[in-house]
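Being a predicted model, the structure only gives us computed values, none of them experimental.
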Amino acid sequence: MKQRGTLRNIISVTFWKTAGMGLSLIIALAIANLFGAGPATDAFFLARRLVSNAAAGLERAFQLLQVPPLVRLAENQGLEALSVHLRRRLWQVFLAASVLCAAAFAMAGEIVDFLAPGFAEEQRRAAEAYFRILIVVLPLSAATALAGATLNALRLFSLPVIARLLPRLCAVIALAIVAAVPVFAAGLGAVALAIAAGTVLMAVVFAFCIRHALSQDWTAAAAAVPQQGYSPGRVWAMLLTQFHLMAAIWIDMAMASMTGTGGVATLEFAQRMTNMAPSVVTSSVVIVYYTEFASHLARGNHDAFRESVLVSLRATMLFVMPAAVALFMLNKPLVSVLLGHGAFEPWAVAQTASIIAWLAPLLVVNALLGTLMSATFAVPQLPHARMIATSITVALAARVGLNLLFLPHYGVLTVPAVSLVSMTLLMGVLYIWLAYALGPLVRLRDLRPFAAMALASAAAAAALWTVQSAAARTAAGRLETLSVAGLSAVCGGLAFAAVATLLRVPETARIRLALRKAVRRGAV
């Protein structure tokens, strides 16, 4: 199998994830316009978040836990051995997930009662129905999570991303039908059914992708390396990681449900708008570089591993930092233009914009944490269970304690603010562990590019503020507001790129080189 360049893989994954971002944006806009931030929307988003985050957690777990041994298996023993291994594991994963999901289906009412203590009876019944529709197809998501890790191990990074667009595409179609035939009482139920149908289609596409991938020739990229199994400590660490992912979501949803009608919905809308573009780049970089981490370690090249971690951090920050600045500066006009119409009332617009202001800095923290977590699981010799257990204990204690302390005073805005504190603590504790075990991943001489990007971000913020201030009197209508926001974002992006280039951030030179090559190929 021919291996493509790292940057080209990142661009390809980013392109398809951007398509998914567009579908997510359409879904959010349609739900906001058709249903607003009311009780039914709260119920739908609670159920959707529970199941979608379980699916995302499984995807992340198999990516972190399975890619390194799958890379070694493919490079050392070939695709036939990988195929045998995969068939056995897929059935095991599917059956185990089916048993757990059957239990969750039977206990749907109790789960909703526990996770949404602030819901009224009607909201609880609706959330229970949506949850049962979505949980039925979660075993397929578990199986495709393992299939996606296999495709990533084979460096076919785009195929899993394309297949995972199908549930969102089906949701868009369902919302279009609901908009044309306004039977709103069953509208969100139809969306839930469409997502379930899209998940089935996604599983079928994954089956074809895996069959095609395992039928190709594979040229070993390295000499045979002794196979290393996973220690129980690493398995427990992965389980703890997924526990933290689910617990954090559950805590946030439970706290938001106690802030009144619309708390869950506005938090969900804000998180969707905040995470869309930055998460596309962050996840693309992590997906590609995690395979590189595993490949370097399989060859025993620890210097290349350390350099890959550093490059991954820089590449992520280069895109996430300006995006965080733009979202922080433009939260009000963006929410007003995108969501402030139809059934989405002014109070919901203001509340969503305020939540985004708190979530914007969290983008940087989550981006750094993604790479650090990948680096942690890529190294077999680390005390993974102790590292993850101590990190998430500190993070969850802060999340619960601070929410209980400040929620009565600041309402739903407490939830994103506490999330920022909690994830920062998690990142800090995890980095201390890594520095203790491996030595500092980022040395003093490596900080210059990050400082340069911070200065570039300050320049971007100044450019955004200048354009907004200059156009404040003319931006009266929706079109004018959107135009000013777009112009501000362009000026902020140009300011960031100019300062980062002048201060010689390494990734800017690589991007310029890639663009020149692309232009030359186009000219030819």
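The six-membered or imidazole ring of Phe35 lies away from that of Phe44, with a centre-to-centre distance of 6.0 Å or more.
Note that the CE atom of Met255 and the CG atom of Leu407 stand 6.5 Å from one another [nearest 0.5 Å]. The line from CG of Asn53 to CG of Leu58 is 11.0 Å long, rounded to the nearest 0.5 Å. Note: Gln351 CD to Ile356 CD1 = 11.5 Å, rounded to the nearest 0.5 Å.
Looking only at side-chain heavy atoms (C-beta outward), Phe450 and Val442 come within less than 4.5 Å of each other. Considering only heavy atoms from C-beta on, His244 stays 4.5 Å or farther from Ile388 through its side chain. A heavy-atom distance below 4.5 Å is not found between the side chains of Ser141 and Glu59. When side chains are defined from C-beta on, Asn33 does not count as touching Phe344, because their heavy atoms never get closer than 4.5 Å. Side-chain contact between Met253 and Phe45 is absent, with no heavy atoms from C-beta onward closer than 4.5 Å. Using a 4.5 Å heavy-atom threshold, the side chains of Leu175 and Val172 count as separate. Within the 4.5 Å cutoff, side-chain heavy atoms of Ile355 are placed close to those of Leu359. Side-chain contact between Leu362 and Ser419: present, with at least one pair of heavy atoms (C-beta onward) separated by less than 4.5 Å.
Annotation for Pro361 and Leu420: closest pair C-CD1, 4.0 Å, computed over non-hydrogen atoms. Closest approach of Phe328 to Ala357, counting heavy atoms only: CD1-O, 3.4 Å. The two atoms that bring Ile31 and Phe269 nearest to each other are CG2-CZ, 4.0 Å, heavy atoms only. Of all heavy-atom pairs between Gly260 and Asp42, the closest is O-OD2, 4.5 Å. Contact record, Leu396 with Ala248: CD2-N, 4.4 Å, taken as the closest heavy-atom pair. Scanning all heavy atoms of the two residues, the minimum distance from Thr424 to Val365 falls at OG1-CG2, 3.6 Å.
Note: His384 and Phe377 have parallel aromatic rings, judged against thresholds of 30 and 60 degrees for the angle between ring planes.
Partner of Val415 under the side chain to side chain contact (heavy atoms under 4.5 Å, CB included) criterion, out of Leu267, Val264, Ile251: Leu267 alone. Test Leu318, Leu464, Val505 against Phe496 for side chain to side chain contact (heavy atoms under 4.5 Å, CB included) and you get one pass: Leu318.
Side chain of Thr199 to backbone of Ile195: a donor-acceptor contact under 3.5 angstrom is found. Remark: side-chain polar atoms of Ser422 are not paired, donor with acceptor, to backbone N or O of Val418 under 3.5 angstrom. With hydrogens and angles ignored, the 3.5 Å screen pairs no side-chain donor or acceptor of Thr371 with any backbone N or O of Leu368. A side-chain donor-acceptor contact under 3.5 Å links Thr259 to the backbone of Ala256. Under a 3.5 Å cut-off, the side chain of Ser336 and the backbone N or O of Lys332 do not form any donor-acceptor pair. A donor-acceptor contact shorter than 3.5 Å links the side chain of Thr414 to the backbone of Gly411. Put simply, the side chain of Arg448 gets close to the backbone of Leu503: a donor and an acceptor are under 3.5 Å apart. Counting only distance, with no hydrogens or angles, the side chain of Ser257 and the backbone of Gly118 share a donor-acceptor pair below 3.5 Å. Judged by distance alone, the side chain of Thr316 and the main-chain N or O of Ala367 form no donor-acceptor pair under 3.5 Å. A donor-acceptor pair is defined here as one N or O able to donate and one able to accept, closer than 3.5 Å; such a pair exists between the side chain of Thr41 and the backbone of Gly36.
For Glu268 and Arg48, the salt-bridge test fails: no basic side-chain N is under 4.0 Å from an acidic carboxylate O. Salt bridge present: Arg399 and Asp252 bring a charged side-chain N and a carboxylate O closer than 4.0 Å.
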Legend entry - Trace of the side chain to side chain contact (heavy atoms under 4.5 Å, CB included) decision for Arg443 with Arg306: CA-CA 11 Å; Arg443 299 182 175 90; Arg306 189 184 298 274; 3.6 Å; yes
Legend entry - side chain to side chain contact (heavy atoms under 4.5 Å, CB included) between Leu441 and Leu310, intermediate numbers included: CA-CA 7 Å; Leu441 296 174; Leu310 188 61; over 6 Å; no
Inset, instruction - Take Leu426 and Leu369 through the test side chain to side chain contact (heavy atoms under 4.5 Å, CB included) and record every step on the way to the result. - result: CA-CA 8 Å; Leu426 175 61; Leu369 184 59; 3.6 Å; yes
Legend entry - Audit row: Met329, Ser488, side chain to side chain contact (heavy atoms under 4.5 Å, CB included) steps and yes/no: CA-CA 9 Å; Met329 301 291 292; Ser488 301; over 6 Å; no
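Using a 3.5 Å distance cut-off with no hydrogens or angles, the side chains of Trp433 and Thr390 do pair a donor with an acceptor.
In Trp347, the CH2 atom is crowded: over 12 heavy atoms of neighbouring residues, nucleotides or ligands sit closer than 6.0 Å.
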